[in-house]
A.B. asks: 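Below you will find the structure I want to go over with you.
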There are 2 protein chains.
Amino acid sequence: MDFLQQLGPVALGSRLRRMSEYFTSEAAGIYADYGLDFQPRWYPVFYLVAHRPGISSNEIADQIGHTHASVSQIVKELVRNGLLAMTTDPQDQRRRLMTLTEQGQAVLPQLRAQTDDVRRSMQALLTEADANLWQALDRLEGQLQQRNLRSRVARVRELREQSPVQLRDFRPGDQPIFRQLNEEWISTYFTLEAADLKALDHPEEYILAPGGGILLAEVNGQVVGTCALIKMADGGYELAKMAVAPAAQGQQIGYLLGQAAIQRARDLGSRRVYLESNSKLAPALALYRKLGFQDLAQPLASPYARANVQMELRLN
Amino acid sequence: MDFLQQLGPVALGSRLRRMSEYFTSEAAGIYADYGLDFQPRWYPVFYLVAHRPGISSNEIADQIGHTHASVSQIVKELVRNGLLAMTTDPQDQRRRLMTLTEQGQAVLPQLRAQTDDVRRSMQALLTEADANLWQALDRLEGQLQQRNLRSRVARVRELREQSPVQLRDFRPGDQPIFRQLNEEWISTYFTLEAADLKALDHPEEYILAPGGGILLAEVNGQVVGTCALIKMADGGYELAKMAVAPAAQGQQIGYLLGQAAIQRARDLGSRRVYLESNSKLAPALALYRKLGFQDLAQPLASPYARANVQMELRLN
DNA sequence: CGATTTTGTGTAAGCACTTACACAAAAGTA
DNA sequence: TACTTTTGTGTAAGTGCTTACACAAAATCG
């Protein structure tokens, strides 16, 4: 379930559904406890008819927010169980008017007592949980009414696609540019080491195959930035090979790559992202801090001579 | 939908279900927008297999919180659509191991881009709505895990039933005690008026038939308190005929009756409860204030000579 | 080591709704 | 007045899960 914390609509939908099922089944149990031969789904219809005798099918559907088909089915069951009576409206032969039968009237006080107990419990529950679920749902519904999720996503997509900077995964053939961009900056400050060459010359073998990932940033179809996630022995990921072409700097490309990499690590089920850097690289360190990384107290062993700063970011 | 604000588990369950359906249908639309021939329900399974190739059916079910039956069905569809491949574990012939097909691998980057856009939208949505739905659900689940709704309701019921004071609806035959209790206090402070006699002698005709209600409080099977809701022309209710036997006073009976009456008014779909009283009756006025009633600025016409205080309570 | 229990998976049917379709009664229109 | 459209309701089938049942492979046990 962990990896679904991503808050996709599917995940949220699924969770709401399960919650809904929980309440439905609890409701059934509660009715049983009160010795009522009464289906939870009847409740809204029955209650509405009790309070507004002579109401029609369609009105009920409107009021309780179901479709008329649903109401039609529930009414059928209620009639079959002798709780509801249905008559045709003499003024309008299409309309069916509902009233409680005597048996229905007899059930009402019990239902009221039960409803009252349940209401109290629910109120206590929600107060206790300090979970203003009802209000949260209200707000969410309000927002969605103003603009639905689909068009919200469409807007986000448009923004992403209009952006001059496009992120994508490493594809076969990207190795030369991947190497070039990294070699460029490393050799500016340091000298290439053996560990560098292994990863830069054979990224698919040393980074992707063990379960890592490489993200590239493109501007006008030109790769101008790279960033890799290397799987670590403890299940975490190391953020490495972060490089942005000098000409493309100042466009937040490093930040975008970093964010995407962190999200990818989350997707891959990791709880932490680790990285190594050097105190000489002030702008890089500032970027890592902005991404949420914090200095690591106890240093780990590193294959890189230039690594004198270690940071990590804990996820969730 | 109004009258369902009562927060019964049915109402909440129903609402969660509708929300869930909304997200599911939006998700379907979003997939369509991205040109993906992909069912929303596949998402958790597909994504999990993408990140943990070689995972088995049961493990998937555990991880995503569905039943194995559900996973089995989804996997069947994914295989039929060429996105997933299934092999039998050579070590354990019962287990089916899942991997993405090439076609599945090809879909992955598109799915990733889409997921990312959706995630951003959802985050923005929830932030914007300031609706911490996810957290609210967490808390609620936590509370329910500690003690389920059913037993919570059982406890509330027990408390109610153990209480010496029992509330119930007016039944045929209650008229004499209803009249007696009211006559008792009225004649202590005032004199009975014509309007009193009508309602006290024929409560079913003047109170119940027009759509009102009468609640009685019993102690040891003895009716010791009364309270009525009288339907007003504007759709509101008047709280009236509130009487508690002198011997039974000091047990919060008036408060319990008042609360129950207010709740009943709410159930009946009213947005306000009105009442009339007299400034001489300090304890009664204090009770009404405790129940949430507020003095009415503009006086209404009243059939009662003794009415010199008018209050109302707005619901919701 | 055969018998029993457990585990992993699949299939069928159910649930509480929905959408899609059907059809007659009422309302609007020419 | 005959017509088309709209409205109110009912039925069938679909949805995305669930529970219930079935069955073979593996694990456990006397």
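Every chain is numbered from 1, with letters handed out A, B, ... down the list of sequences. Given the structure is predicted, the values throughout are model-derived calculations rather than measurements.
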A.B. asks: Nearest-Å distance, CZ (A/R95) to C1' (C/dA27)?
C.D. replies: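 The answer, rounded to whole Å, is 15 Å.
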A.B. asks: Contact between B/M19 and A/L140 at the side-chain level, heavy atoms closer than 4.5 Å - yes or no?
C.D. replies: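 Yes - at least one pair of side-chain heavy atoms lies under 4.5 Å apart.
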A.B. asks: Counting primed atoms plus P, OP1 and OP2 as sugar-phosphate and everything else as base, spell out the protein contacts along nucleotides 12-23 of chain C at 4.0 Å heavy-atom distance: B, S or - for each nucleotide, 5' to 3'.
C.D. replies: B---BBBB----
A.B. asks: What distance do B/I30 atom CD1 and A/L149 atom CG have between them, rounded to the nearest 0.5 Å?
C.D. replies: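 B/I30 CD1 to A/L149 CG: 4.0 Å, rounded to 0.5 Å.
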A.B. asks: With a non-hydrogen cut-off below 4.0 angstrom, is A/S56 in contact with a base, only sugar-phosphate, or nothing?
C.D. replies: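 If one applies the 4.0 Å heavy-atom cut-off, A/S56 turns out to touch the sugar-phosphate alone, with no base involved.
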A.B. asks: In a table with atom names and distances, give each donor-acceptor pair under 3.5 Å that connects a side chain of residues 73-80 of chain B to protein atoms at least two apart or in another chain.
C.D. replies:
residue : atom : partner : partner atom : Å
B/E77   : OE1  : B/R41   : NH1          : 3.4
B/E77   : OE1  : B/W42   : NE1          : 3.2
B/E77   : OE2  : B/R41   : NH2          : 2.5

A.B. asks: Tell me: CG of A/N58 to P of C/dA25, nearest whole Å?
C.D. replies: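 Rounded to the whole Å, the gap is 17 Å.
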A.B. asks: Within the structure, does a side-chain N or O atom of B/K76 lie under 4.0 Å from either OP1 or OP2 of C/dT9?
C.D. replies: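 Indeed not, no polar side-chain atom of B/K76 lies that close.
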A.B. asks: What's the CD1-C1' distance between B/I64 and D/dG16, to the nearest Å?
C.D. replies: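 After rounding, the gap between these two atoms is 12 Å.
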A.B. asks: Using whole Å, what does the distance between atom C1' of nucleotide C/dG10 and atom CD1 of B/I60 come to?
C.D. replies: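 After rounding, the reported distance stands at 14 Å.
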A.B. asks: Rounded to whole angstroms, how far apart are CD1 on B/I55 and P on C/dT9?
C.D. replies: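 Roughly 10 Å, once rounded to whole Å.
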A.B. asks: For B/D116, is there an ion pair with A/R160 - N to carboxylate O distance below 4.0 angstrom?
C.D. replies: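 No.
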A.B. asks: Check this for me, if you would: do B/D138 and A/R15 make a salt bridge, where the nitrogen-to-carboxylate-oxygen distance has to be below 4.0 angstrom?
C.D. replies: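 A salt bridge is present here (some side-chain N lies under 4.0 Å from a carboxylate O).
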A.B. asks: Over 60° means perpendicular and under 30° means parallel, so tell me whether A/Y31 and A/Y43 are parallel, tilted or perpendicular.
C.D. replies: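 Answer is tilted, since the angle falls between 30° and 60°.
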A.B. asks: Rounded to the nearest 0.5 Å, what separation is found between the CD atom of A/Q263 and the CG atom of A/L315?
C.D. replies: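 So the CD of A/Q263 and the CG of A/L315 are separated by 8.5 Å.
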A.B. asks: Any carboxylate oxygen within less than 4.0 angstrom of a Lys/Arg side-chain nitrogen, looking at A/R18 and B/E141?
C.D. replies: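 Answer for the salt bridge query: no.
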A.B. asks: Atom CZ of B/R96 to atom P of D/dA26: distance rounded to whole Å?
C.D. replies: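 Distance check: B/R96 CZ to D/dA26 P gives 11 Å.
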A.B. asks: So that I can tick it off, tell me whether A/R157 and B/D33 are bridged by a salt bridge, with the cut-off set at under 4.0 angstrom between side-chain N and carboxylate O.
C.D. replies: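 No salt bridge links B/D33 with A/R157.
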A.B. asks: Using whole Å, what does the distance between atom P of nucleotide C/dT7 and atom CD of B/E59 come to?
C.D. replies: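 For the pair B/E59 CD and C/dT7 P, the rounded distance is 15 Å.
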A.B. asks: Below 4.0 angstrom, which residues in residues 82-94 of chain B have at least one non-hydrogen atom near DNA chain C?
C.D. replies: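 When residues 82-94 of chain B is checked for heavy atoms under 4.0 Å from DNA chain C, the hits, listed by number, are B/M86, B/R94.
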